[in-house]
Amino acid sequence: MPDGATLRTAAAPAPLAVTGLTVRYGGRPALSDVTWRAAPGLTAILGPNGAGKSTLLKAALGLVPAEGEARFFGAPLEAVRARVAYLPQRASVDWSFPASALDVVAMARLPRARWFGALPRREREAARAALAAVGLADVAERQIGRLSGGQQQRVFLARALAQEAELFLMDEPLAAVDAVTEETILGVLHGLAAQGKSVLMVHHDLSLVQAHFDHVLILAGRVVAAGPVAEAFTDAAIAAAFGGLPGRGRGA
Amino acid sequence: MIGHNTLIVLLGCAALGLAAGVVGSFALLRGRALLADAVGHAALPGVVAASLIVAALGGEARALAPLLLGAAVTGWLGLLALRRLTASGRIRPDAGIAVVLSAFYALGTVGLSVAQTLPGAAQAGLTHFILGQAATMTEADALLAGALALGCAAVAGLLFQPLRALCFDEAFARAQGLPVRALDLALLALLLAVCVAGLPAVGLILVVALLVVPAAAARMLAARLPAMLALAGLFGALAGAAGALASTRLPEVPTGAAVVLSGLVIFGLAALAGRRRGA
């Protein structure tokens, strides 16, 4: 007979569950009929270029038109937005934008403030704390275009952290970053897991998967494999997704 | 000496430039600056139609408010047409803007020439809307345009936080649940209102420059958006006032051209300063 804890775990809705998710870009399917339940903890979303990894995150968040359904913690996104944080790809914005690192991170606190006027001091302080958590306290006032690529990536991570969510959707935060940034991001990742939070990270470096993630979702326009790393992260699944190439270590 | 009426017109043009700098900054950062060109040209048939309607009803054909209302209606129709044209993705915004701009402008010029064959004063002064003529503005005209412009600047200031978030990262703003469609609509409405307010002084052909040039100059100097808005507002106000002053002293020079040339001087100085700063 299962104890209470097991029962609760079994009954807790998945941080993200998608059903029949299909996305077409100009008629060509980018993602076909993906049905998947994310497990709590750290999940790496893997697959070759054009496998639909980023598209899966965007479709779940309603950022691209999609068929099918996405539920967060058992509810539609609108009902639980405050529990879901998003970290887009760094290349998706113009970093010459006139804003400081603190300005960008403070944007995460907008839903907690009135829609007009200045952001309250306590919200700016929360943003400052998030910047400190990624080691950027001393460049908080710097214009974002004057930060290194790795620092810019950490600004995005700080902005996601400042959302104080329970589920974090991260689109390639480890792409082309320096060693300090990679270490910081992985440290934050494990800190989030220790607090019982969940992370779904689009990721391309297969060598990091076993050491840092609990679960994988391997995509190639559809689900190739999904589950705990020990079961689903197999050579056969990787070969199937990456077209039979021995893709370990490389394959973004 | 500057007379009372001239002073009011100067202040009205300065207010217009300030608002154009602020609203233009958001439009520039959102990649929508060229829409001001479409709106400006799309306004002409509305101005002509409004003047004909007012004349037919026996009203005062030179009254500014109905003309601006007509300009706003067809300006908005131009934006709707642009949206329909580009909705499928087969026509890109640059081509869409070219089609809308020329179609509405052509319609407006035909309307103008028809209006000129009609008896009465319906068409009187309408050509000033093409290149702008601040010198012919009355005190009431300047107050109306200035108040409309300042209202736009105030609304943009109120929406500062969500507009900044939208302009920097639309996907993140949407994921956060910000009302992106409503914000874009508000920005378009502000753009339309500033363009319309600028028509009598700057004219429909060059009103786009009033929205873009001060904002672009400020963009080269400012590291943060509040500073960019302040600089763009200041540059716009200076250009507006200088252009209006030039127009009252040299009535043969269209105000729009004088305003834009003043703005370009500021732009050139800003570019030099920005380069020296290494920004």
Side-chain angles (χ1 to χ4, degrees), chain A residues 25-26 54 57-58 60-64 72 77-82 84-90 92-120 123 141-146 155-156 159-160 162-163 165 168-169 171, chain B residues 21-22 24-26 28-33 87-90 153-183 186 215-232 270 274 277-279:
Chain A
Y25 289 136
S54 301
L57 297 190
K58 288 178 190 162
L61 289 167
L63 302 179
V64 293
F72 295 83
L77 179 61
E78 296 73 45
V80 291
R81 271 195 204 277
V84 180
Y86 177 46
L87 191 163
Q89 284 187 18
R90 180 163 64 90
S92 66
V93 302
D94 172 10
W95 290 90
S96 75
F97 193 91
S100 68
L102 185 60
D103 288 337
V104 169
V105 177
M107 289 174 192
R109 309 296 292 187
L110 270 189
R112 295 160 199 267
R114 292 171 313 186
W115 57 269
F116 58 91
L119 204 60
E123 303 301 345
E141 316 292 342
R142 194 174 292 177
Q143 198 268 323
I144 50 175
R146 294 173 170 249
V155 167
F156 262 17
R159 186 177 63 170
Q163 290 184 275
F168 294 78
L169 307 186
D171 200 346
Chain B
V22 171
S25 291
F26 285 114
L28 192 78
L29 292 171
R30 185 80 181 115
R32 303 275 159 87
S88 73
R90 253 186 247 178
V155 172
L158 273 180
L159 291 174
F160 171 79
Q161 295 282 355
L163 279 180
R164 172 167 69 176
L166 171 64
C167 290
F168 175 63
D169 191 344
E170 180 190 343
F172 185 79
R174 283 174 64 190
Q176 270 187 308
L178 289 187
V180 165
R181 280 174 62 98
L183 286 168
R219 176 96 164 84
M220 286 187 286
L221 297 176
R224 296 187 58 221
L225 189 53
M228 178 175 166
L229 295 179
L231 280 177
R277 224 178 55 120

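A, B, ... follow the sequence lines: proteins, then strands. Residue 1 opens every chain. Side chains included, hydrogens not; waters and symmetry mates left out as well; all remaining heavy atoms used.
- Of the atoms belonging to Val84(A), not a single heavy atom falls under 4.5 Å from chain B.
- For a residue to count as touching a neighbouring chain, one of its non-hydrogen atoms must lie under 4.5 Å from one of that chain's; by this rule Gln163(A) touches chain B with the side chain only.
- Of the two parts of Arg219(B), only the side chain, counted from C-beta on, holds a non-hydrogen atom closer than 4.5 Å to a non-hydrogen atom of chain A.
- Annotation for Ala165(B) and Leu110(A): closest pair CB-CD1, 3.6 Å, computed over non-hydrogen atoms.
- Once rounded to the nearest 0.5 Å, the distance linking CZ of Arg164(B) with CG of Asp103(A) reads 4.0 Å.
- The minimum heavy-atom distance linking Pro98(A) with Ala222(B) is given by the pair CB-O, 4.0 Å.
- Remark: side-chain polar atoms of Glu78(A) are not paired, donor with acceptor, to backbone N or O of Gly177(B) under 3.5 angstrom.
- For the pair Arg174(B) (side chain) and Gly62(A) (backbone), a donor-acceptor distance under 3.5 Å is present.
- Smallest separation of non-hydrogen atoms from Val104(A) and Phe168(B): CG1-CE2, 3.7 Å.
- Once rounded to the nearest 0.5 Å, the distance linking CD of Gln176(B) with OH of Tyr86(A) reads 12.0 Å.
- Closest approach of Leu63(A) and Ala175(B) over heavy atoms only: CD2-N, 4.0 Å.
- Taken to the nearest 0.5 Å, the CE atom of Met107(A) stands 9.0 Å off from the CZ atom of Phe172(B).
- There is no contact between Phe160(B) and chain A, counting heavy-atom distances below 4.5 Å.
- Proximity to chain B (any heavy atom under 4.5 Å) is shown, for Ala106(A), by neither the backbone nor the side chain.
- Here the straight-line distance linking atom CZ of Phe116(A) with atom CG of Leu159(B) works out to 10.5 Å at 0.5 Å rounding.
- Residue with the most contacts toward chain A among Val180(B), Asp169(B), Leu178(B), Leu225(B): Asp169(B) (heavy-atom pairs, distance under 4.5 Å).
- For Leu169(A), no part lies under 4.5 angstrom from a heavy atom of chain B.
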